[in-house]
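The block underneath contains the structure these notes are about, expressed in C-alpha cells.
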Protein chains: 2
Amino acid sequence: MVFAASISMKKQVSTSMIAKEAGIAVSTTGFILSGKARKMKISEKTEQRVLALAKDLGYVPNALAKNLRRNRSGIIGLLYNHLKHHWADESLKGVRSVLGDTEYSPFLSTHEFDAKLLEKEVELMLQHRFDAIISVPFKEGKKTYQRIIDNGTPLIFLNDTLEGMSDVDMVAWNAREASKTAMNHLISLGRKKIGFLGWDDGRRMIRARVEAYRNCLKREGIDLRKDWMRLFPLEADIAESVVEMFSEKDRPDALFCGLDIYGIQAIGALEGMGLKVPEDVAVVGMGNQPGSEFPSIGLSTVNSPNESIGAKAASLAIELIEQKQSCTGSRHLLHGDDLVIRRSTSI
Amino acid sequence: MVFAASISMKKQVSTSMIAKEAGIAVSTTGFILSGKARKMKISEKTEQRVLALAKDLGYVPNALAKNLRRNRSGIIGLLYNHLKHHWADESLKGVRSVLGDTEYSPFLSTHEFDAKLLEKEVELMLQHRFDAIISVPFKEGKKTYQRIIDNGTPLIFLNDTLEGMSDVDMVAWNAREASKTAMNHLISLGRKKIGFLGWDDGRRMIRARVEAYRNCLKREGIDLRKDWMRLFPLEADIAESVVEMFSEKDRPDALFCGLDIYGIQAIGALEGMGLKVPEDVAVVGMGNQPGSEFPSIGLSTVNSPNESIGAKAASLAIELIEQKQSCTGSRHLLHGDDLVIRRSTSI
DNA sequence: TTGAAAGCGCTAACAA
DNA sequence: TTGTTAGCGCTTTCAA
C-alpha cells in the first residue's frame, strides 16, 4: 500500500501544466482552481473537467507562489514560552475556533524563555511573511518584539504586557479578579490567617495576584504578615518554605497560591508535616492546571479561560491584519473566575 | 517607543531595491545577502556597504520567493495529537537540538485526533511545501498519511506505526523493554499478585505494554488473572475499576499501569479506600509524566526518552529529504528504561 | 468566456 | 568581479 516514492521522479504539477493538458488557457484553470469559476462565468463543463484533471494529476496548489504574489501567507504564528502545560493546547483550540472559518491558519513555535531563540523564530516568521504573530511575552525579548512592530506585522501579547510596549494589543486572563475570587473563597470559610505563595517575574498579571492578596486582606482589616508572604522564582521547589512558614506556633490557617503548582506542592508539604488539609490549612490555587484534580491532591482553584483568550487573540489578529495595523494598544481582560472547589477547601 | 505603524505605509524592501540604492547589480546584492559574497569574490567594501544598507532599510529576506525558486521551504512540520502533556515540549527540544545547526526549522500543529483536522493541516503543510512531516500517527488518518507519501514528501511516525503503513519510518520509545523494567521492579519487590491498568487503542506500542505484562508473568510462572487486567479508553476515569478490583478479599499487591495517569488515579483510589501505598499495593507507571513527581503522589515510573525521540526523528527527516525519499521503512526503538523510584514502590 | 502577459522577490546560469 | 536575464507558480489586468 505504502510506496517509497522517489521525489525526483515526481514533477510538480502546476496550473499551467493542467491548462496545457486540458487544452485551455492558464488563467482559466487558475480561476477554476482558486474557486473563482462562478465569478468568471466559466462553463461548468470546463470547470468539472479541470477539477477532475487536477485531482488525477495530484495537483497541490503552491502556496509559496500564491503568497509571493499576494505578499501575505495566510499564516498566523503562535509563539509560546513552552508547551508543558495545557495552556498552549487550550488556547490553540480557541485560536482554531476562530480561524476555522477564515482563510488563516495557525502555526506554532516556542521561545523557551530564550531571547536568541525568540529572535530566530520571529525572524523566520517575518521572512515567511506570517500575517500576524501572537506571543506570550518574554521580558528579555523586547527588541525582537519591537522588530515585529517596526516591520508592520500585527503583534498580540497573550496574558501579559511588557513594560514600555503598552501599544501592543493584549488579551489576558483577569488575574486580579480571579485572585479576588480565590481570596474571597478562603475568607468565606472563616479563615483570617491567610498566607501567600507566588512568584514575581516582573510581569503585571503575575503581580496582580499579590496585589489582590494585599487588597483583600486590607479590605477585611487583616494585617499583612510579611513572613506569610513568599515570592519564588518560577519552577522553584517551595516545600522548604512551606515547612518553615508552618513550623511556627502562630501559623496560617489558609494559603492562597498564585499558581496551582505551588498549591500542589504545598498540600504535599503540609500533609507531610502532619497538618490536615483543609481542616488545619485550606489551600486554593490559580489556573486549574492539570494535576490539581488528581484525587490525592484535590486542589481548589480558579479556572482560567484559556480557550477564550486564544479565540479573542485570533479575532484581534484578523482585525489588525485587515486594518493593516501592527498594533492599536487595545487591552482585553477576560473574566475567568469560576471557582473550582475541591478537597483542599471542602470543610 | 512602540509605534503603531501602518503596514500600507511600508514598502517591502527587496534585493533589487537595495541594488538600485547601492548602484550595483541585483545579482551582486543577491550573492551578498545570501552569504555567498566570499564565494563570488565580491569586494569586501561592496559587501559591507550592501549589508549596512540592507540593515538600514530594514530588509527582511522574502522566504516565499526564495523557496518558490528552490521549490522547498526549509520547514519541517511537526503534527502532534495534542499539546497537553510534556511530550510535545520535550520532543520539540530534541528536534531543535538537531535542526539548530541546519538550514531547517520546525513548525508545529496538532490534529486533536480529528481526521478532518489532520487532513487540513497536512494539506496546508504540503501546499506550503514543507520539506518533511513528523507526526504522531492517528489511526483514522491513514488516507491523509498516504497522501503525504504519494506527494513524495518525507513522513516520519513518532512513537507508533499504523497498520498497513509499515514503510513509513518510525521513531519510538521501546515500550516493551520499559514495561519489562517496570514489571521486573515490582517482581524484585517480592510482589506476585500484579494487576494491570492500561488502554488499547490498537496501536502496537500501546499493546506492547500488555504483552510485556503477560510475558513477565509467564516467565515468573504466575498465572494471568483476567479480572486483574483492565483496558480502558484513553482519558477514562478508572477509579471505579480500581475500587472494584481491590474490593475482593483476594486482591493484587501491586499494579503495573501502562500510563502514569492511571497510576496517579489508582493511588488516589487505593488510598481513598484505606489501602496503603506501597505497603498494601505497590504501584508503578510508565512515562514519568508531570504529576507523578508531586509529593502527594510519588508514583514510581519509567522515563521515556522524549527528547531523543525528537532528535532522532529530526535527523531521520533530514536524511530522507536529502535522499529524496518519502520513506524507507526504517524502525528506531529508543531505549528508555531508567526506572524512577518514588514513594509508590519504596518499601 | 477565454487568452496573453506582467510581475511578486529571489536564485543562478551565462556574459562580459 | 559585476551585470543581465530567465524563470519558479500563481494572480490578475487587459484584450479579444
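Note on naming: letters A, B, ... go to the chains in the order of the sequence lines (proteins, then strands), and numbering restarts at 1 for each one. This one's a predicted model, so the numbers in the text were calculated from it and none came from an experiment.
A distance below 6.0 Å separates the ring centres of B/F113 and B/H111.
Listed in residue order, the members of residues 31-38 of chain A having a heavy atom less than 4.0 Å from DNA chain D are A/F31, A/K36.
Using modelled atom types, one finds no donor on one side chain facing an acceptor on the other under 3.5 Å when comparing A/N67 with A/S73.
B/Y104 is listed as a side-chain neighbour of B/I318, based on a closest heavy-atom distance under 4.5 Å.
In terms of polar N and O atoms assigned as donor or acceptor, the side chain of B/S27 comes within less than 3.5 Å of the base of D/dT4 in a complementary pairing. Side-chain atoms of B/T15 and base atoms of C/dG9 include no donor and acceptor less than 3.5 Å apart.
Between D/dC10, D/dT1, D/dT5, one nucleotide has an atom nearer to the side chain of B/V26 than all others, and that is D/dT5. In this structure, of C/dG3, C/dC8, D/dC8, it is C/dC8 that holds the atom nearest to the side chain of A/L68.
With rounding to the nearest 0.5 Å, the separation of CD in A/E21 from CG in A/D56 is 9.5 Å.
Between B/A65 and B/T46, the residue whose closest nucleotide on DNA chain D is further toward the 5' end is B/T46.
The pair B/E119-B/K143 does not meet the salt-bridge criterion, since no charged nitrogen lies less than 4.0 angstrom from a carboxylate oxygen. Using a 4.0 Å cut-off between charged side-chain N and carboxylate O, B/K142 and B/E163 make no salt bridge.
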